[in-house]
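In listed order, ligands and their atoms are each counted from 1.
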Amino acid sequence: MYNKLQYISQGETIEKQLYNIHLALDAGCDWVQMRFKNQTAKDTFALAEAVKFLCEEYLANFIVNDNLYLAQQVAADGVHLGLSDMKIAEARAILGSTKIIGGTANTYEDIVNHVRNSCDYIGLGPFRFTETKEKLSPILGLSGYYDIVEKMKNNKIQIPIYAIGGITLKDISPLMETGIHGIAVSGMITISDQKEKLIQQLNEKLYANVIV
Ligand SMILES: Cc1ncc(COP(=O)(O)OP(=O)(O)O)c(N)n1
Ligand SMILES: Cc1nc(C(=O)O)sc1CCOP(=O)(O)O
Ligand SMILES: [Mg+2]
């Protein structure tokens, strides 16, 4: 089963991205999604190669945002695809069964579609407003997660759900109580000046009800 915390990278340059990713890995993140929007193919490829190398060193999972072909080129562990990106079914046909494919959802119907198309996990959001992403889908709030997870249970739909969008430390316990699997975060980890402590606190809350 996938780890419960995914770090989504930030930074306007290759150097800033690598700096942020390196600090997150050092602090204990073991799953990185490289998100580097509106950049040249050359720079995005250079960053992806460097992130692949770093994640290997830290034994972390590495997935690429948006670009399946880049994920293939650098032998990443997988790709995250949004509702306007390549369709999950097409991605699965290209990548085969061994790679991770994550899909964005904003509704129960999005989740059902993704499950039918062999998606591995869902990024369900936004939880609340965030400046990290433009053109957000309608905000779900806590009640949105409760409603969607309830519908999933009633219809026996199973797939790991990651809450995303403006999540802070105090949101973790209430979010986990809805029945989701984990969280995907960018800003909270990127801006923290005590990342190790933060990731420890996040993991304590994320794994609070896991029996080992
Ligand atoms: C884990 C996770 N969930 C959702 C998203 C959003 O993907 P998308 O809608 O394609 O938006 P961009 O990230 O591409 O701007 C995500 N990246 N990760
Ligand atoms: C990349 C992304 N996708 C979202 C969605 O709702 O699909 S919200 C989001 C931004 C997540 O970053 P932060 O933790 O800084 O809010
Ligand atoms: Mg996308």
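- Residue Gly123 places no heavy atom under 4.0 Å from ligand 2.
- For atom 10 (O) of ligand 1, the nearest non-hydrogen atom from the set Asn106, Leu124, Ile164, Asp85 belongs to Asp85.
- When each atom of ligand 1 is checked for a heavy atom of Ile8 under 4.0 Å away, the hits are 18 (N).
- By the 3.5 Å distance cut-off applied to N or O atoms, Arg35 is not counted among the residues near ligand 2.
- Summary of contacts: the protein heavy atom closest to atom 7 (O) of ligand 2 is Lys133 NZ, 3.2 Å.
- Distance from atom 14 (O) of ligand 2 to its nearest protein heavy atom, with residue and atom name: Ser186 N, 3.0 Å.
- No side-chain donor-acceptor contact under 3.5 Å links Asp147 and Tyr108.
- At least one N or O atom of Pro126, backbone or side chain, sits closer than 3.5 Å to an N or O atom of ligand 2.
- With a heavy-atom cut-off of 4.0 Å, Glu131 does not touch ligand 2 at all.
- Counting the atoms of ligand 1 from 1 in the order shown, those under 4.0 Å from a heavy atom of Asp66 are 10 (O), 14 (O).
- A donor and an acceptor atom, one from each side chain of Tyr121 and His114, are nowhere located under 3.5 Å apart.
- Relative to atom 9 (O) of ligand 1, the option among His80, Lys133, Lys135, Glu134 with the closest non-hydrogen atom is Lys133.
- Residues Val51 and Phe62 form a side-chain contact, since some pair of their non-hydrogen atoms from C-beta on lies under 4.5 Å apart.
- Which parts of ligand 1 touch Lys37 is read off a 4.0 Å heavy-atom cut-off, strictly below it: atoms 12 (P), 14 (O), 15 (O).
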Evaluate ring-ring contact (aromatic ring centres under 6.0 Å, His included) for Trp31 paired with Tyr58, printing each intermediate quantity in order.
CA-CA 10 Å; Trp31 189 355; Tyr58 283 82; over 10 Å; no
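- Listed by number with element, the atoms of ligand 1 under 4.0 Å from a non-hydrogen atom of Gly82 are 8 (P), 9 (O), 10 (O).
- Atoms of ligand 2 lying under 4.0 Å from any heavy atom of Gly125, numbered from 1 in the order shown and given with element: 6 (O).
- Under the 6.0 Å cut-off for aromatic ring centres, His181 and Tyr2 do not qualify, their centroids lying 6.0 Å or more apart.
- The protein heavy atom nearest to atom 13 (O) of ligand 1 is Arg35 NE, 2.7 Å.
- Per-residue contacts place Gln6 under 4.0 angstrom from the following atoms of ligand 1 (heavy atoms of the residue considered): 1 (C).
- Looking at Asp85 and the Mg ion (ligand 3) together, the shortest N, O or S contact belongs to OD2.
- Between the side chains of Asn20 and Tyr7, no donor-acceptor pair of N or O atoms lies under 3.5 Å.
- In this structure, of Ile164, Thr132, Leu140, the residue bringing a heavy atom nearest to atom 9 (C) of ligand 2 is Ile164.
- Nearest non-hydrogen protein atom to atom 7 (O) of ligand 1 is Thr104 OG1, 2.9 Å.
- Residue Val185 has at least one heavy-atom neighbour below 4.0 Å for each of these atoms of ligand 2: 14 (O).
- Distances from the Mg ion (ligand 3) to each N, O or S atom of Asp66 single out OD1 as the nearest.
- Between the side chains of Gln39 and Thr44, no donor N or O sits under 3.5 Å from an acceptor N or O.
- Each of the atoms 1 (C) of ligand 1 lies under 4.0 Å from some heavy atom of Ala184.
- Every atom of ligand 1 is numbered from 1 in the order shown, and the set under 4.0 Å from a heavy atom of Gln33 is 1 (C), 2 (C), 16 (C), 17 (N), 18 (N).
- The shortest N or O to N or O distance between Leu136 and ligand 2 is not under 3.5 Å.
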